[in-house]
**Q** 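This is the structure I want to talk about, given as structure tokens.
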Amino acid sequence: MAFGKGHHLHLVDGSAFIFRAYHALPPLTRKSDGMPIGAVSGFVNMIWKMIEDNKGPDAPTHAAVVFDKGSHTFRNDLYDAYKANRDEMPEDLRPQIPLTREATRAFNLACLEQEGFEADDIIATLACRAREAGGRCTIISSDKDLMQLVGGGVEMFDAMKNTRIDDEGVRAKFGVGPDRVVDVQALAGDSTDNVPGAPGIGIKTAATLINEFGSLDELLERAHEVPQPKRRQTLIEKADQIRLSKQLVQLDCDMALDYDLDSLEVREPVTQELLDFLTQMEFRTMTKRVSDALGIEAPVIRDQTDDGAAPREEAEQVAFPESYTWVKDTDALKDWIARAHARGYVAIDTETTSLNEMQALLVGVSLCIEPGEACYIPLGHKENAEADLFATDALSDGQIPFDEAMGLLKPLFEDPSVLKILQNAKYDCKVLARLGVQVAPVDDTMLMSYAMNGGLHGHGMDTLSERYLGHSPIPIKELIGTGKSQVTFDKVEIAKAVNYAAEDADVTLRLWHLFKPQLHRSHVTTVYETLERPLIPVLARMEMAGVKVDRNVLSRMSGAFEQKMAGLEDQIRELAGEDFKVSSPKQLGEILFDKLGLPGGKKTKTGAYQTGADILEDLATEHELPGLVLDWRQVSKLKSTYTDALQDHIDPETGRVHTSYSIAGANTGRLASTEPNLQNIPIRTEEGRRIREAFVAPEGRTLVALDYSQIELRILAHIAGIGELKQAFKDGQDIHALTASEMFNVPLDQMTPEIRRQAKAINFGVIYGISGFGLARNLRIPRDEAQGFIDRYFERFPGIRDYMDETVKFAKEHGFVQTLFGRRINTPEINAKGPGAGFAKRAAINAPIQGTAADVIRRAMIRMEDAIADLPATMLLQVHDELLFEVDQGAEDDLVKAAREVMEGASLPAVDLSVPLEVDAGQGATWAEAH
DNA sequence: GTACTCACG
DNA sequence: GACGTACGTGAGTACG
């Protein structure tokens, strides 16, 4: 039967429900995976209540829930500022939107939305059709924009206040009947939707005017008759704006819809579908309520969860237990593994013999299923632990045979349906990967903290535990000792190891429960999911691959350096007239300034003379000795830090050097390379650069290096919107020469290297948060001259100064700055007083630029593995703006092509830079040649 | 453990 | 008006 007299249509303003539910409820999360579901929970409750309340004689015969879709509607075409003042949707709400659609369908209610239209227009069209058909319509909403629809069988119902709004209700609100609501709104405007209206006229005045003149058209036509001069002037001057406002508030009652009223007939919910949805959301209370109403038994939701419970982090903390479980046999282990499978997540931690993942042997594994409930599975503890003298290789009792235990653990660790939660996951993943176990999927509490709290504090387990759990874990030193008497973990008595190791897993799980919902609220879920988490396996593989280093090349260089140093030391002693340690800044300072009486002895804050390279360079004009010390220092540095130390890092098994990247080390998002640091291998001086000749490709392979050209300056040009710089990058011009030309009014064809050098220093200075002092020191020119350069630069590129001012302002207001990809860098010192303020300011200016560049190369690295999967190539190293690969001879060009494409497009699709990213490539048998 | 110096982007 | 400053790292050495 077609919709008509006697039928009653209910239209629910679904989008309004969602926002109301979101703001009314605390940020609840689904227990199993931390998914935010507060708004979904509230939404479901509201829908359920509505259904229950509307049973009886006046029950709806037809119903639908209507949603907004798309942010751009025809109203934006009329007026681009429409709803422009709306805040971005909160990050923890966004993923819930699709779930509200699912919820609607689960209730077997029609779920209506149409691209480019607001829910209001769909509601208007349907309400009008219902009225025309002679039926009734109730709009469940309190949105005043919908009040224009009331009348002729159409009413509204405010679900929160539980009141009906009819003709009378509209008059009470607007002072006019529903047919004139639009006129009043057009005059009064609406600040929440950014509808301008007539300035100075609110609802009260608007209603008076409309009632007096009859309609808006009439009023505007006879505006000159309005007695109040100010009001009259406004109406005459702003007539166009008022007419536009009317178009904006006028709902479209004649939308082309893909469905008719008849298709909205009320259907009973399909019990199974509804309960499936509710259990999937882990809404225990609602599941029970619905089951009771339907007279069936409620399905069991694993892991008791109450959707009305307090948010996780406010829940009472379970105390840390005195002791944990020692898993001694396979039955006990199987039981723990089964519990982890049932739970769907498990916190794990490994104990090993070394901090170096490449050499570390697995000694034990701990698991934690819920706070306070953790176990340790010892696997490699040695007998006679404490008595070194009698230590044997025999394993002590109470341990499952290694292979048997790993055979049971491996399926759990590799199960895609069980989330593994770790602190600094890369470490454990590498140790386990060497045993043939590929741990996935993984969450990392260290990286969660880094994404949220970068810049505030470190992200080690002890720091996090003390700060966020108020609990100091057992220090490792209590087990293995310190210094000379330190032992490896396999020598630790199992009974002691259990409580230490299991506690770490317990702490990790508790941190995860705390952090997971916070990620959404801190708006860094995307950063964590796209820039942190996926990097773990990529870096793990790079580190395990390592880079081949030729020991012979290094040791030859070491010998040469040693001789050179000895020669320099002789000369230095001669000039000083006495023997002293050249490597001691303290002794050197005394020789230079006290004994030889050289000028300009500046003291450090500890009272010692400064003997840095810049000071010695100045002194080199006065005396021969400082120059010799500089030479000595350079050689000494090369020998001790590179040619000697690097040899110690060659892995005896692989013959390669395996660095470790810390993902959460640098505040800006950059990686940091340690043990050894391969991101500071010399290149600037000819002698230092030769160290790179020791980094070689193995037989049949080639090293290929690709690096971003001027990436930070390009990002600055984009962020600050400097048209000239952007154009120069697009045209492939020499950016420093162009800057020089603009600043000093020198045509490009008359550019001298000296002027270009100065411009280059300024460009870099800008990235660092330029100061007259810093530039003066760098260029070795007087301060006022440097300041003059800076003034001229800002005059020429005012956008840069604007960027700096805005960034500092943002930091002061919010306590953090952001990269283009949303990475947050906290700036806790930004409002400090004293000299620290300057530091924090410059760091805040630099962070978005350096950080965005770091994000770009992270994105490239994450995509790189797939992009080169078909090539015989391996990604080995990252040096901030450079990636080093090893590839079979013959495939070099294919690699360059594929890798370049990934790197140049790495910002897309998230960020479409207005400058091109360019990548330079080189190749050769050694890193020196490849660069 | 801290200070200083110096290698890199 | 004086003061003190380029941004981000890791590591080796001296010294208390």
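In what follows, chains are A, B, ... by sequence order, proteins preceding strands, each numbered from 1.
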**Q** Taking only the side-chain nitrogens and oxygens of Gln587(A), find out if one of them lies under 4.0 Å from OP1 or OP2 of dC15(C).
**A**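 Looking at the OP1 and OP2 atoms of dC15(C), one of them is under 4.0 Å from a side-chain N or O of Gln587(A).
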
**Q** Identify whether any heavy atom of Ala645(A) sits under 4.0 Å from a base atom; if not, whether one sits that close to sugar-phosphate; answer base, sugar-phosphate or nothing.
**A** sugar-phosphate

**Q** Send over the distance from Gln878(A) CD to dG10(C) C1', rounded to a whole Å.
**A**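 That distance rounds to 15 Å.
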
**Q** Roughly how many Å is it from CZ in Phe580(A) to P in dC15(C), rounded to a whole number?
**A** 12 Å

**Q** Check the distance between dT13(C)'s P and Tyr642(A)'s OH and give it to me in whole angstrom.
**A**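 Going from Tyr642(A) (OH) to dT13(C) (P), I get 13 Å.
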
**Q** Would you tell me if any nitrogen or oxygen in the side chain of Ser583(A) comes within less than 4.0 Å of OP1 or OP2 on dA14(C)?
**A** yes

**Q** Checking all strands, does Ala761(A) fall into the base, sugar-phosphate, or nothing category for heavy-atom contacts under 4.0 angstrom?
**A** base

**Q** What contact category does Ile683(A) fall into here, base, sugar-phosphate, or nothing, at under 4.0 angstrom with non-hydrogen atoms?
**A**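 Contact class for Ile683(A): sugar-phosphate only.
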
**Q** Could you list the protein-to-nucleotides 3-5 of chain C atom pairs, N/O on both sides, closer than 3.5 Å?
**A**
unit_1 : atom_1 : unit_2    : atom_2 : d
dT5(C) : O2     : Arg842(A) : NH1    : 3.3
dT5(C) : O4     : Arg783(A) : NH1    : 3.1

**Q** Within the structure shown, what part of the strands sits under 4.0 Å from Ser673(A) by heavy-atom distance: base, sugar-phosphate, or nothing?
**A** sugar-phosphate

**Q** Within less than 4.0 Å of OP1 or OP2 of dC15(C), is there a side-chain N or O belonging to Lys586(A)?
**A** no

**Q** Roughly, in whole Å, what's the span from CD1 in Ile691(A) to P in dG12(C)?
**A** 13 Å

**Q** Determine: side-chain N/O of Thr641(A) to OP1/OP2 of dC6(B), distance under 4.0 Å, yes or no.
**A**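 Indeed not, no polar side-chain atom of Thr641(A) lies that close.
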
**Q** Indicate, with a heavy-atom threshold strictly under 4.0 Å, whether Asp881(A) touches base, sugar-phosphate, or nothing.
**A** sugar-phosphate

**Q** Tell me whether the side-chain N/O atoms of Ser584(A) come closer than 4.0 Å to OP1 or OP2 in dC15(C).
**A**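 Affirmative; the distance criterion is met.
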
**Q** Is it the case that more than 12 heavy atoms not belonging to Gln563(A) sit under 6.0 Å from its CD atom?
**A**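 Result for CD/Gln563(A): open.
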
**Q** Asp707(A) CG to dG9(B) P: how many Å, rounded?
**A** 9 Å

**Q** Does atom NZ (Lys581(A)) have a neighbourhood of more than 12 heavy atoms from anything else shown, all under 6.0 Å?
**A** no

**Q** In whole angstrom, give the distance that lies between atom CG of Leu630(A) and atom C1' of dA7(B).
**A** 15 Å

**Q** Below 3.5 Å, does any donor atom in the side chain of Arg633(A) face an acceptor in the base of dG12(C), or the other way round?
**A** no

